[in-house]
Structure formats: structure tokens, C-alpha cells
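Structure record follows, encoded as C-alpha cells.
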Amino acid sequence: MTRLLTESEGNPVAITNTHAKGDFVFLCEHASRRLPERLGTLGLSEDALKSHIAWDPGALAVGELLARKLDGALIYQRFSRLAYDCNRPPESEVAMPIVSEIYEVPGNRAMSAAERQARVDELYRPFHDAVSRFMVDRKAAGRQPVLVTMHSFTPVYFGRLRTVQLGVLHDADSRLADRMLAVAAADGTYDVRRNEPYGPADGVTHSLIEYGVRYGLPNVMIEIRNDLIRDEVGQRGMAEYLEGLLAKSVAALSAQ
């Protein structure tokens, strides 16, 4: 059997604050730029492996701050999305990308069927199972989790400048996103837009569907322009803003 992870690399999924009293469950599928040892560098330069193609810079840090502020749980993937993008199902062509923006990923180009399956079995499945179990257990305990997936995006993509600062993304269930957009529009702190810089048509709502829509839970995906959260000062400021935005929006949702 083809193996991907070594025993010393441990569990690909991390869960913090499992006994949180709050209802928020934060996910960060692109938390890390770490690659499994057996994949080496995938043929990429160090600069590429530090860039946004390997992870979502700042997203985990903001998620950790929010989990503490709102007493929520946080579940994240410990390996790079270049090995497997846990916000994509196994059948997706970009779950193990051979090209990411302008970068070729040589180590993903000539995988055998067994190598592909090892990535599914050792990276995606553990993440999927951990999140699904967590949501099912919360619901079985009579609780109503609120799913928030944390992401960041690059200010320049294929040479084009992105002016949007925060994206509030949703799929079929827009309940929470609608409230967040209304609250954000009223305070005007950031340029906040619906389903930007990505949306359902781009295939980015897999986690929302699997762990939110499937269980009838309020859910939203937050995309933060990564230049706003490149350091601790920016991360703390963004977490403070999102704490208020999420709390007010959930309160408005519950009042209806």
C-alpha cells in the first residue's frame, strides 16, 4: 500500500477548544504551507512554497483569535493545500492542482492512482471525518453550531489588483451571509462584498455544503485580503472587527 505520511508527522487534523461553550465552529482548510516529507518540495521554489498558492497566510491566526474571543472550536488541516486542498472533493481537478495561478506544480503532474488515493485517504478523509463527527456530535447534544470557514486571498491575482477587502461567501444558504453583509454595510469599516473574490461557481463552497448546508446549520465563508493580516497587529485588528460582525449577525439571525 502506498503511504503518504510518516508516523512522526502525526495527525493531519488539529482541533482546538473542543469543549467550547460557544456555538461557533471555525474551519481553516488552508492553514499551513507544510508539505508531507515524502512529497519533498513538489518541484517548487522556496518563494513559491511561501506564497499564497501553498496556504492562506494569516487565516489560521485570525481563526485562532476568533475561537478564543467567541469561545468557539477550531478545526484545521496541518498540511498544505498543494498536497490536498481540503475545500475540494476528491473528484475535483484542483484538489491536487497541477497548476496554481502562474505556478506549475511538477510533483502533482505525474501521480499514480495509488499516490492520488493516498492523499485522499490520509489528508482529505481524516479532515472530512473529523469535521463531520464534530458537527454530528454537537447536534446530538442539542446544540446548533454556526460554521465559519476562514480564508485569505492575495491582493494581486494574475496581475490584476483586487480592491475588495473582505469577502462574505455562501452557497444555497445565505442566511448568515445576508446578516453579515447588512451589518458590514451599516458600519462601512471595510470594503465587504458578497461572493468575492470567489463564489460558488468557482467551486469554493465545498466545506459550506458538506458541513453546513448538509446539516441545516448557519454557515459562511470569510475571505480576507492577506495584506490586511500579514502581521500580528493586522490579525488582531481583523479578529476584533470580525468578532463584532459575527456576534451581531448571529444575534440578528436568532431574533427572527
Side-chain angles (χ1 to χ4, degrees), residues 1-16 27-57 59-60 63 74-137 147 149-154 171 198 200-215 221:
M1 182 177 70
T2 300
R3 294 288 302 175
L4 174 65
L5 299 179
T6 64
E7 186 174 342
S8 65
E9 287 177 301
N11 196 321
V13 187
I15 307 178
T16 64
L27 301 190
C28 195
E29 304 98 318
H30 307 153
S32 174
R33 62 185 184 89
R34 178 187 181 191
L35 286 171
E37 294 172 12
R38 289 184 172 129
L39 297 184
T41 65
L42 289 175
L44 292 164
S45 68
E46 184 63 20
D47 284 345
L49 291 173
K50 288 180 178 178
S51 77
H52 70 94
I53 71 164
W55 65 320
D56 282 356
L60 176 61
L74 170 67
I75 307 173
Y76 63 94
Q77 169 58 250
R78 295 180 55 245
F79 292 94
S80 172
R81 64 178 170 193
L82 290 175
Y84 190 98
D85 184 340
C86 283
N87 193 29
R88 297 293 193 283
E91 63 271 17
S92 170
E93 292 183 359
V94 294
M96 293 161 269
I98 58 174
V99 178
S100 184
E101 196 193 355
I102 61 173
Y103 295 92
E104 295 273 342
V105 188
N108 285 352
R109 186 167 289 280
M111 284 183 287
S112 68
E115 288 169 334
R116 291 184 65 87
Q117 192 61 47
R119 297 198 199 185
V120 173
D121 292 342
E122 298 181 49
L123 295 176
Y124 176 74
R125 292 296 177 199
F127 184 83
H128 173 82
D129 292 347
V131 179
S132 296
R133 280 197 305 269
F134 197 90
M135 293 304 194
V136 169
D137 289 348
L147 176 70
T149 69
M150 301 298 303
H151 295 261
S152 71
F153 64 94
T154 179
D171 200 273
Y198 311 104
D202 301 300
V204 300
T205 55
H206 174 66
S207 290
L208 296 185
I209 295 168
E210 283 295 306
Y211 316 120
V213 176
R214 179 184 296 274
Y215 298 113
M221 178 176 175

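No side-chain N or O of His206 forms a donor-acceptor pair with one of Glu29 less than 3.5 Å apart.
Between atom OH of residue Tyr84 and atom OG of residue Ser92 there is a gap of 7.0 Å, rounded to the nearest 0.5 Å. Between the CD atom of Glu122 and the OG1 atom of Thr6 there is a distance of 9.5 Å, given to the nearest 0.5 Å. Expressed to the nearest 0.5 Å, how far OG1 of Thr149 lies from CD of Glu210 amounts to 13.0 Å. The CE atom of Met135 sits 5.5 Å away from atom CG of Leu27, with the distance rounded to the nearest 0.5 Å. To the nearest 0.5 Å, atoms CZ (Arg119) and CZ (Arg125) are separated by 15.5 Å. Here the CG-CG distance, from Asp171 to Leu208, works out to 7.0 Å after rounding to the nearest 0.5 Å.
Residues Arg88 and Asp202 come closest through the heavy atom pair NH2-O, 3.8 Å. Residues Met111 and Gly107 approach most closely at CG-O, 4.1 Å, considering heavy atoms. Taking each heavy atom of Asp85 and His30 in turn, the nearest pair found is OD1-NE2, 2.6 Å. Residues Arg81 and Asp56 approach most closely at NH1-OD1, 2.9 Å, considering heavy atoms. When all heavy atoms of Met221 and Val204 are compared, the pair lying nearest together is SD-O, 3.4 Å. Heavy-atom minimum distance, Ser80 versus Leu35: CB-CD2, 3.8 Å.
Under a 3.5 Å cut-off, the side chain of Arg3 and the backbone N or O of Ala118 do not form any donor-acceptor pair. Judged by distance alone, with hydrogens and angles left aside, the side-chain atoms of Ser45 form a donor-acceptor pair with the main-chain N or O of Ala48 at under 3.5 Å. Listed for the Asn87 side chain is a donor-acceptor partner under 3.5 Å among the backbone atoms of Ser207. Of the possible donor and acceptor atoms, one in the side chain of Ser112 sits under 3.5 Å from a partner among the backbone N and O of Glu115.
A salt bridge does not link Arg78 to Glu9: none of the charged side-chain nitrogens sits closer than 4.0 Å to a carboxylate oxygen.
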Tell me, with the steps shown, if Met150 and Leu74 meet side chain to side chain contact (heavy atoms under 4.5 Å, CB included).
CA-CA 10 Å; Met150 301 298 303; Leu74 170 67; 5.7 Å; no
Residue pair Leu123, Gln77: steps toward the side chain to side chain contact (heavy atoms under 4.5 Å, CB included) verdict
CA-CA 8 Å; Leu123 295 176; Gln77 169 58 250; 4.0 Å; yes
Side chain to side chain contact (heavy atoms under 4.5 Å, CB included) for Tyr215 and Ser132? Distances and angles first, verdict last.
CA-CA 9 Å; Tyr215 298 113; Ser132 296; 3.8 Å; yes
Assess the residue pair Leu82 and Leu44 against the criterion (side chain to side chain contact (heavy atoms under 4.5 Å, CB included)); give the C-alpha distance rounded to whole Å, side-chain angles, the decisive distance to 0.1 Å, and a yes or no.
CA-CA 10 Å; Leu82 290 175; Leu44 292 164; 3.6 Å; yes
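Taking the side chain as every heavy atom from C-beta outward, Leu4 and Leu39 approach each other to under 4.5 Å. With a 4.5 Å cut-off on side-chain heavy atoms, Glu101 and Ser51 do not count as touching. Here the side chains of Pro57 and Arg33 are not in contact, with every heavy-atom distance at 4.5 Å or above.
Between Phe127 and Tyr211, the ring-plane angle classifies as perpendicular under the 30° and 60° cut-offs.
The environment of Glu93 atom CD is sparse: at most 12 non-hydrogen atoms of other residues, nucleotides or ligands sit within 6.0 angstrom.
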